[in-house]
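First comes the structure, then the notes that go with it.
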Amino acid sequence: MTNRWKSIGLAALLAGLTLSASYAEAASVLTIGRREDSTTFDPIKTAQNIDNWVFSNVYDVLIRVDKTGTKLEPGLAESWTTSDDGLTYTFKIRDAKFSDGSPLTAEDAAYSLLRIRDDAASLWSDSYKVIDTAVATDARTLTIKLKNQSAPFLSTLALPNASVISKKGMESLGADAYGEKPIASGAFVVEEWRRGDRVILKKNPNFWQADRVKLDGVEWISVPDDNTRMLNVQAGELDTAIFVPFSRVEELKKDPNLNVDIDASTREDHLLINHAHGDLGKKEVRQALDMAIDKKAIVDTVTFGQGTVANSYIPKGALYHYADNLQRPYDPEKAKKMLADAGVSNLTLNYLIRAGDEVDEQTAVLVQQQLAKAGITANLQKVDPSQEWDMTVAGDYDISVNYWTNDILDPDQKTTFVLGHDSNNNYLTNYKNEAVKELVAKARLELDPKKREQMYVDLQKMAKDDVNWIDLYYSPYINVSRKNIENFYQNPLGRFFLEDTVKN
C-alpha cells in the first residue's frame with residue numbers, strides 16, 4: 001500500500017529527547033521508531049503504509065497473507081467455499097470477540113465490506129464494487145455474492161483496509177471517534193494516541209489468538225530524522241526502528257548490540273509526475289524525462305547497492321512482473337532533442353521533497369543534476385513531512401519521489417490504483433488512458449491465468465510507453481533492532497507480525 005506520510009507535529013521532533021518518559025520502560029513493551037505519525041485508525045480512509053502497518057495488528061481480516069507473503073491463509077474466516085459458478089462465497093466466521101468483549105459476528109464482517117464499497121470516504125471502493133451482496137445468514141456465516149467472477153477477490157479480503165470493524169461500535173461512536181480510538185479485532189488495542197508523538201498499543205486479551213501474543217504492548221514513536229532514529233536505537237532508547245537509511249546499514253551491522261534485518265519486499269520507488277501540469281501532459285515530454293534520469297546512478301549512489309533498477313510498476317518477484325519490460329537508456333542529449341521536437345523549451349519543474357528523509361534528499365539532488373544535462377530545471381522545494389503529503393494530494397507539485405509496497409498478492413489492487421482512473425486520480429498523477437482503463441477492468445475478470453498474465457504484460461508495456469510515472473528502483477525492507485528483540489519481522493507486503501515478537 002502505498003505509501004506514506006502525513007502530519008508530524010513539533011512533539012515528534014523532540015521525540016528523541018523524550019523517549020524514556022514512556023510506559024515502554026516496562027520489559028515486555030516494544031518501542032518502534034518510525035518517521036511519521038499515524039493519520040487515522042479508520043481503515044477505509046487511508047492509503048498509507050504508516051497507517052496500515054500499525055492497524056494490521058489492531059484489526060484482523062477475514063483472510064490473511066502468510067509470513068512468506070506468497071499465500072493466503074485463514075484469518076477471522078476459518079474456512080470458505082465457492083459456488084460452481086464462481087459468484088457466491090460462503091465464509092465460516094470463527095468464534096471471536098472484539099476488544100470490548102462483544103462477539104464478532106458475520107454481520108460485522110458484512111458491514112465492514114459494504115462500508116469499504118459504499119462509504120463516500122472510502123479510498124478503496126473501486127476494488128469492492130464487484131460485491132453485489134454481503135449478508136450474514138447466521139451469526140457465524142457470511143455469504144457474499146459477486147456481480148461477476150473476480151480473479152483477485154479472495155486477495156482483496158486480505159487488504160488491511162478491509163479489516164473487520166464493529167458495526168455497533170462504528171454506529172454508536174461515529175467514524176471520527178472510531179478513527180481515533182477503535183474497537184479492536186486484532187492482537188492489540190489502541191490505549192492512547194498522542195498526536196505527533198506516539199501511538200500506544202496494549203495487548204488485546206479478547207483477541208482470538210491472545211495466547212500467541214508475547215508482548216504486553218507496543219509503542220510506535222515518531223522520530224522523523226533518520227539519523228536521530230538510528231542513534232536512539234544504538235543508545236537503547238528505542239528497541240527497534242524502521243526505514244534504516246541505506247548509508248547506515250554497514251555501520252549498524254558492526255554494532256554488537258544490534259540486528260539489521262533485510263527482508264524481501266514489494267517496494268518500488270518511483271518519480272510521480274503530475275500530468276495535469278502544462279507540458280507534463282505530453283507523453284513525449286514524460287518520455288524525455290524518463291530518458292534524462294540515470295536510474296543506475298541513483299541505485300549505486302543512494303541505495304549503496306541494496307536496490308535494483310526498476311522497469312515496471314509491478315515489482316520484481318510479484319505476480320505477473322514482466323522482466324523484459326522496456327528500460328529507456330540514459331541519454332540526456334536525446335532527451336533534449338525529444339523536448340525540442342515536442343516544442344518544449346526551458347522546461348522548469350517544481351520538485352517536492354520531504355525534509356529529513358536522507359534518501360529522498362540525495363535522490364533529488366541527483367535527479368536535479370541529471371535533468372539539468374537535458375536542459376530541464378528542477379527547483380527543489382523541501383518541505384516538512386507534515387506538509388508534503390497534503391501538497392501531493394492537492395496536486396501542488398510537478399514531480400516528487402514516492403514509493404509503493406503491495407498490499408495484496410494480486411496485481412489488480414495496485415494496477416487499479418495507479419492506472420485504472422480511480423478516485424485518487426491514479427495515485428495523484430492525473431494519468432488518463434481509456435484503453436488502459438478498459439484493460440485494467442478486463443484483467444480483473446479474466447480467470448485463465450495465461451490470458452490474465454498477458455493482460456498484465458500489456459498493461460506494463462502501456463504504462464511504460466505512457467510514462468504514468470518514472471520507475472526508479474526496487475529495494476528490500478531494512479529495519480534494525482536491539483539484540484534482545486526476537487522475531488521482529490516484516491513480510492513482503494509490509495505486515496509486521498508483532499504477535500510473534502519477543503522482548504527478552
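Only heavy atoms go into these numbers, but all of them, side chains included; no hydrogens, no water, no symmetry mates.
Side-chain atoms of Ser166 and Asp108 form no donor-acceptor pair, as typed in the model, at a separation below 3.5 Å. With hydrogens and angles left out, the side-chain atoms of Thr40 and Asp42 include no donor and acceptor closer than 3.5 Å. No hydrogens or angles considered: a donor-acceptor pair under 3.5 Å links the side chains of Thr46 and Asp51. Asn257 and Gln234 share no donor-acceptor pair across their side chains, judged by distance under 3.5 Å alone. Counted by atom type alone, Asp412 and Thr415 present zero donor-acceptor pairs between their side chains at under 3.5 Å.
Residues passing the salt bridge (Lys or Arg N to Asp or Glu O under 4.0 Å) test with Lys67, sequence neighbours excluded: Asp500. Residues passing the side chain to side chain donor-acceptor pair (under 3.5 Å) test with Thr82, sequence neighbours excluded: none. Residues forming a side-chain contact (heavy atoms from CB on, under 4.5 Å) with Ser312 (at least two apart in sequence, or on another chain): Ile314, His321, Asn325, Gln460, Tyr474. Ser83 pairs by the side chain to side chain donor-acceptor pair (under 3.5 Å) definition with Asp85, not counting sequence neighbours. With sequence neighbours left out, Arg117 forms a salt bridge (Lys or Arg N to Asp or Glu O under 4.0 Å) with no residue at all. Residues satisfying the side chain to side chain donor-acceptor pair (under 3.5 Å) test with Tyr59, not counting sequence neighbours, are none. Listed by chain and number, the residues in a side chain to side chain donor-acceptor pair (under 3.5 Å) with Thr501 amount to none (sequence neighbours excluded). Residues passing the salt bridge (Lys or Arg N to Asp or Glu O under 4.0 Å) test with Asp300, sequence neighbours excluded: Lys296. The salt bridge (Lys or Arg N to Asp or Glu O under 4.0 Å) search around Asp226 returns Arg35, Arg229, not counting sequence neighbours. Checked against side-chain contact (heavy atoms from CB on, under 4.5 Å), Thr68 has the following partners two or more places apart in sequence or in another chain: Asp66, Thr70.
Judged by distance alone, with hydrogens and angles left aside, the side-chain atoms of Trp220 form no donor-acceptor pair with the main-chain N or O of Asp37 at under 3.5 Å. Between the side chain of Arg495 and the main chain of Ser56, a donor-acceptor pair closer than 3.5 Å is present. In this structure, the side chain of Thr143 does not engage the main chain of Thr137 through any donor-acceptor pair within 3.5 Å. Side chain of Glu361 to backbone of Gly356: a donor-acceptor contact under 3.5 angstrom is found. Side chain of Asn426 to main chain of Thr429: no donor-acceptor pair is present (N/O by atom type, distance under 3.5 Å, no hydrogens or angles). Formation of a donor-acceptor pair under 3.5 Å by the Tyr473 side chain with backbone atoms of Asp269 is not found in this model. Put simply, the side chain of Arg94 gets close to the backbone of Gly75: a donor and an acceptor are under 3.5 Å apart. No donor-acceptor distance shorter than 3.5 angstrom exists from the side chain of Lys145 to the backbone of Thr133, with no hydrogens or angles considered. Judged by distance alone, the side chain of Asp60 and the main-chain N or O of Gly186 form no donor-acceptor pair under 3.5 Å. With Asn52 contributing its side chain and Asn49 its backbone, the two residues share no donor-acceptor pair below 3.5 Å.
With a 4.5 Å cut-off on side-chain heavy atoms, Lys203 and Ser28 do not count as touching. Side-chain contact check for Leu157 versus Leu113: some heavy-atom pair is nearer than 4.5 Å. Proximity of Thr266 to Lys414: side-chain heavy atoms (C-beta onward) are nowhere separated by under 4.5 Å. For the pair Ile242/Phe496, a side-chain contact is recorded, criterion being any heavy-atom separation below 4.5 Å from C-beta on. Side chains of Leu201 and Val190 form a contact here, defined as non-hydrogen atoms less than 4.5 Å apart. When side chains are defined from C-beta on, Tyr397 does not count as touching Glu388, because their heavy atoms never get closer than 4.5 Å. By the 4.5 Å heavy-atom criterion applied to side chains, Arg34 and Val223 are not counted as neighbours. Phe207 is not listed as a side-chain neighbour of Asn57, based on a closest heavy-atom distance of 4.5 Å or more.
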| field | Residues Trp124, Asp126; criterion side-chain hydrogen bond (donor to acceptor under 3.5 Å, both in side chains); working and verdict | value | CA-CA 6 Å; Trp124 301 97; Asp126 283 2; over 6 Å; no
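Residue pairs meeting the salt bridge (Lys or Arg N to Asp or Glu O under 4.0 Å) criterion with at least one partner in residues 473-490, sequence neighbours excluded, are absent. Screening residues 172-181 for side-chain hydrogen bond (donor to acceptor under 3.5 Å, both in side chains), with sequence neighbours left out, gives Glu180-Arg195.
Nearest heavy-atom pair, Ala110 versus Val135, reported as atom, atom and distance to 0.1 Å: CB-N, 4.3 Å.
A salt bridge does not link Glu107 with Lys168: every distance from a Lys NZ or Arg NE/NH1/NH2 to an Asp or Glu carboxylate oxygen is 4.0 Å or more. Contact check on Glu73 versus Lys71 returns no salt bridge, with no Lys/Arg side-chain nitrogen under 4.0 Å from an Asp/Glu carboxylate oxygen.
Annotation for Lys316: atom NZ does not count as buried by contact number, only 12 or fewer foreign heavy atoms lying within 6.0 Å.
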